Amino acid sequence: GENVEQHPSTLSVQEGDSAVIKCTYSDSASNYFPWYKQELGKRPQLIIDIRSNVGEKKDQRIAVTLNKTAKHFSLHITETQPEDSAVYFCAASKGDKLIFGTGTRLQVFP
Amino acid sequence: GAVVSQHPSWVICKSGTSVKIECRSLDFQATTMFWYRQFPKQSLMLMATSNEGSKATYEQGVEKDKFLINHASLTLSTLTVTSAHPEDSSFYICSASRGHYGYTFGSGTRLTVV
């Protein structure tokens, strides 16, 4: 089955700096790669997603890149703000179940 | 937008009792629901996939007799934790597949077994 690895597990940045989180997946049939932000005790919130027919997608300060050959995808957050502090999860799906990465705790210091 | 309503949001039960968690899709038909468990500071681990009108498919290591899943209609899936023990205390969350539109999550249920 699908296995998704995520790095780093924790990430601390200064406000205004960029943050990058990386994920690798094992199942080459996976074709949908969402990123979620989760506050403590809350449901995951979709922040951006990408499908396998696209190499890059951007939404304001957030971007995701996908390398199908290497089976990895990355989340880029630019101009980080304290409110970006949260746990971020990548995930992968081939149209059925969604498998999550291990999570990254991002802390943005003012 | 698509909404999945999950109840209860939190529950405390005594060891040995059973607890039922409901997930209801409010404005769309969810033919497939996924149930996840999340321990503190850990990821969401898929427990099972439930399809309307058929038996659930459980992930390896998940006891199907302990975690009973019923998906009797296109809008309702339930997870029953039977004979709960303190180690079952966790955050349980459902998710409905919406095909090309991705996944919609319930708000989660915090289960504490005492």
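Below, chains carry the letters A, B, ... as their sequence lines are ordered, and counting in each starts from 1. These numbers come from a predicted model, not from an experiment. Heavy-atom basis, side chains included; hydrogens, waters and symmetry copies ignored.
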Peer 1: Assess whether a salt bridge exists between A/Lys97 and B/Glu59, defined as any Lys/Arg side-chain N lying under 4.0 Å from an Asp/Glu carboxylate O.
Peer 2: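 B/Glu59 and A/Lys97: salt-bridged.
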Peer 1: What part of B/Gln6 lies closer than 4.5 angstrom to a heavy atom of chain A: side chain, backbone, both or neither?
Peer 2: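 Contact with chain A involves no heavy atom of B/Gln6 at all.
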Peer 1: Heavy-atom pairs under 4.5 Å with chain A: which of B/Gly108, B/Gly102, B/Gly106 has the most?
Peer 2: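 Maximum pair count with chain A is reached by B/Gly106.
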Peer 1: For A/Asp49 and A/Tyr32, test the side chains for any donor-to-acceptor distance below 3.5 angstrom and give the result as yes or no.
Peer 2: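 A/Tyr32 and A/Asp49 do have a side-chain donor-acceptor pair below 3.5 Å.
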Peer 1: With a 4.5 angstrom heavy-atom cut-off, which part of B/Thr32 approaches chain A: side chain, backbone, both or neither?
Peer 2: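 No part of it gets close to chain A.
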Peer 1: Could you check whether A/Arg61 pairs with A/Asp84 (Lys NZ or Arg NE/NH1/NH2 to Asp/Glu carboxylate O, under 4.0 Å)?
Peer 2: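 Counted as a salt bridge, because a side-chain N and a carboxylate O are separated by less than 4.0 Å.
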Peer 1: Regarding B/Ser95 and B/Trp35, do their side chains bring together a donor and an acceptor under 3.5 Å, going by distance alone?
Peer 2: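 On atom types as modelled, these side chains do not qualify, holding no pair under 3.5 Å.
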Peer 1: Side chain, backbone, both or neither: which part of B/Leu44 has an atom under 4.5 Å from a heavy atom of chain A?
Peer 2: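 Looking at B/Leu44, backbone and side chain both touch chain A.
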Peer 1: Using heavy-atom distances under 4.5 Å, tell me whether A/Gln38 contacts chain B through its side chain, its backbone, both, or neither.
Peer 2: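 Interface part for A/Gln38: side chain.
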Peer 1: Of the backbone (N, CA, C, O) and the side chain (C-beta and beyond), which part of B/Gln42 lies under 4.5 Å from a heavy atom of chain A, both, or neither?
Peer 2: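 For B/Gln42, the backbone is the part near chain A, not the side chain.
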Peer 1: Under a 4.5 Å heavy-atom cutoff, which of B/Arg110, B/Gln60, B/Gln38, B/Met45 has the most pairs with chain A?
Peer 2: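 That would be B/Gln38.
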Peer 1: Verify the distance criterion only: is there a donor paired with an acceptor across the side chains of A/Gln107 and A/Thr10 at less than 3.5 Å?
Peer 2: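 No pair is found: no donor N or O on one side chain lies under 3.5 Å from an acceptor on the other.
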Peer 1: Side chain, backbone, both or neither: which part of A/Pro34 has a heavy atom under 4.5 Å from chain B?
Peer 2: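 Neither part, no heavy atoms under 4.5 Å.
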Peer 1: Which of these, B/Tyr36, B/Tyr103, B/Phe105, sits in a ring-ring contact (aromatic ring centres under 6.0 Å, His included) with A/Tyr36?
Peer 2: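 That would be B/Phe105; it is the only one of B/Tyr36, B/Tyr103, B/Phe105 passing the ring-ring contact (aromatic ring centres under 6.0 Å, His included) with A/Tyr36.
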Peer 1: Assess whether a salt bridge exists between B/Arg24 and B/Glu22, defined as any Lys/Arg side-chain N lying under 4.0 Å from an Asp/Glu carboxylate O.
Peer 2: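 Here B/Arg24 pairs with B/Glu22 in a salt bridge, since their nearest N and O are under 4.0 Å apart.
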Peer 1: Top residue by heavy-atom pair count (under 4.5 Å) with chain B, among A/Thr102, A/Val87, A/Leu98?
Peer 2: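 Option with the top pair count is A/Leu98.
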